Chemist: 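This is the structure, below, for whatever I ask next.
Keep in mind that what you see is a predicted model, and the values were worked out from it rather than measured. Each chain gets a letter, A, B and so on, in the order the sequences are listed, and its residues count up from 1.
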Amino acid sequence: GESVGLHLPTLSVQEGDNSIINCAYSNSASDYFIWYKQESGKGPQFIIDIRSNMDKRQGQRVTVLLNKTVKHLSLQIAATQPGDSAVYFCAGETYGGATNKLIFGTGTLLAVQP
Amino acid sequence: DSGVTQTPKHLITATGQRVTLRCSPRSGDLSVYWYQQSLDQGLQFLIQYYNGEERAKGNILERFSAQQFPDLHSELNLSSLELGDSALYFCASSVGPSIDTQYFGPGTRLTVL
């Protein structure tokens, strides 16, 4: 079935380093992807999104890269800070009959070491 | 603060019981989504309402139902509760009916004993 999954369940980085979180998707027809950050005890928080007509999009300290050929997207966080410690989810649009819905990956825990 | 509110924050109940979770979307958002997040299943889409009408359905059990009222707030009803229904339930909202940026509420933690 449809799936959006993550390569690494846990990523540990040193403060100040760059972080890269990866995500694979199975539906080649998906054309919208979102990255969410979820801190402990809180709801998912929107970080950045990208549509399939782009291969890169930048935000504040974050960049999302989309490789449609291998159905892979990544989230890059520059100069990782302790406040970046959270679970990061990718989500992709999938088609279900007349309507679409978002399918979420299982999440990657980013642990920032001081 | 996403602007999406959910009540209650915590709910503890017994098996076989029925509960209602409430969500108010961000001002101006017409779509409301419900998600279930458990440790072994991750974040699972349950159902979407747009402007009072059911728009999309995900992995929602027949014991669960939802509705969206004229003031756009939504309620998720869970009945005949089982231990496995214990989870975090999130509501999200977005402006239109199509897939777009969804803003999540803080969630309701349901514990079924």
Side-chain angles (χ1 to χ4, degrees), chain A residues 1-10 21 23-27 29-54 57 59 62 64 86-109, chain B residues 1-7 9-10 21 23-26 29-51 53-60 66 87-110:
Chain A
E2 303 287 349
S3 69
V4 179
L6 294 168
H7 290 307
L8 299 172
T10 305
I21 302 171
C23 181
Y25 60 95
S26 62
N27 186 351
S30 295
D31 68 354
Y32 181 61
F33 302 90
I34 308 177
W35 280 99
Y36 283 92
K37 171 187 180 183
Q38 186 175 19
E39 296 174 274
S40 181
K42 297 184 179 180
Q45 175 188 357
F46 171 84
I47 301 174
I48 193 168
D49 59 1
I50 189 168
R51 295 203 176 267
S52 62
N53 60 351
M54 304 172 71
R57 190 162 188 221
V62 295
V64 56
V87 176
Y88 289 81
F89 293 95
C90 62
E93 179 184 22
T94 190
Y95 302 93
T99 59
N100 301 345
K101 54 191 176 187
L102 274 180
I103 299 296
F104 282 77
T106 52
T108 291
L109 173 62
Chain B
D1 183 3
S2 66
V4 178
T5 61
Q6 289 186 248
T7 57
K9 195 173 176 66
H10 300 280
L21 312 183
C23 167
S24 292
R26 292 188 322 157
D29 285 358
L30 298 180
S31 272
V32 169
Y33 307 78
W34 286 99
Y35 290 87
Q36 180 191 59
Q37 187 176 42
S38 57
L39 285 175
D40 59 346
Q41 293 279 340
L43 201 61
Q44 298 286 318
F45 168 69
L46 295 178
I47 197 164
Q48 175 199 359
Y49 278 81
Y50 173 72
N51 206 20
E53 300 289 326
E54 183 182 304
R55 171 77 180 170
K57 224 168 184 176
N59 302 321
I60 188 166
L88 273 167
Y89 291 84
F90 288 104
C91 165
S93 72
S94 67
V95 174
S98 302
I99 294 296
D100 203 341
T101 304
Q102 296 177 21
Y103 294 89
F104 282 75
T108 293
R109 180 173 291 281
L110 173 67

Chemist: List for me each residue that meets ring pair (Phe, Tyr, Trp, His ring centres under 6.0 Å) alongside Tyr36(A), sequence neighbours excluded, and say none if there are none.
Modeler: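 Expected list: Phe104(A), Phe104(B).
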Chemist: Spell out, as yes or no, whether a donor-acceptor pair under 3.5 Å connects the side chain of Gln6(B) to the backbone of Tyr89(B).
Modeler: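 Here the side-chain-to-backbone pair exists.
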Chemist: Below 4.5 Å from any heavy atom of chain B, which atoms of Ile34(A) appear? Answer side chain, backbone, both or neither.
Modeler: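 Only the side chain of Ile34(A) comes within 4.5 Å of chain B.
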Chemist: Below 4.5 Å from any heavy atom of chain B, which atoms of Gln45(A) appear? Answer side chain, backbone, both or neither.
Modeler: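 Gln45(A) has no heavy atom closer than 4.5 Å to chain B.
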Chemist: Run the side-chain contact (heavy atoms from CB on, under 4.5 Å) test on Phe89(A) and Gln37(B) for me, step by step, so that the C-alpha distance in whole Å, both residues' side-chain angles and the decisive distance to 0.1 Å come before the verdict.
Modeler: CA-CA 12 Å; Phe89(A) 293 95; Gln37(B) 187 176 42; 3.4 Å; yes
Chemist: According to salt bridge (Lys or Arg N to Asp or Glu O under 4.0 Å), who are the partners of Arg51(A), at least two apart in sequence or on a separate chain?
Modeler: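 Salt bridge (Lys or Arg N to Asp or Glu O under 4.0 Å) check on Arg51(A) returns nothing, list empty.
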Chemist: Between Tyr33(B) and chain A, which part of the residue has a heavy atom less than 4.5 Å away: side chain, backbone, both or neither?
Modeler: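 No part of it gets close to chain A.
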Chemist: With a 4.5 angstrom heavy-atom cut-off, which part of Ser2(B) approaches chain A: side chain, backbone, both or neither?
Modeler: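 Looking at Ser2(B), nothing touches chain A.
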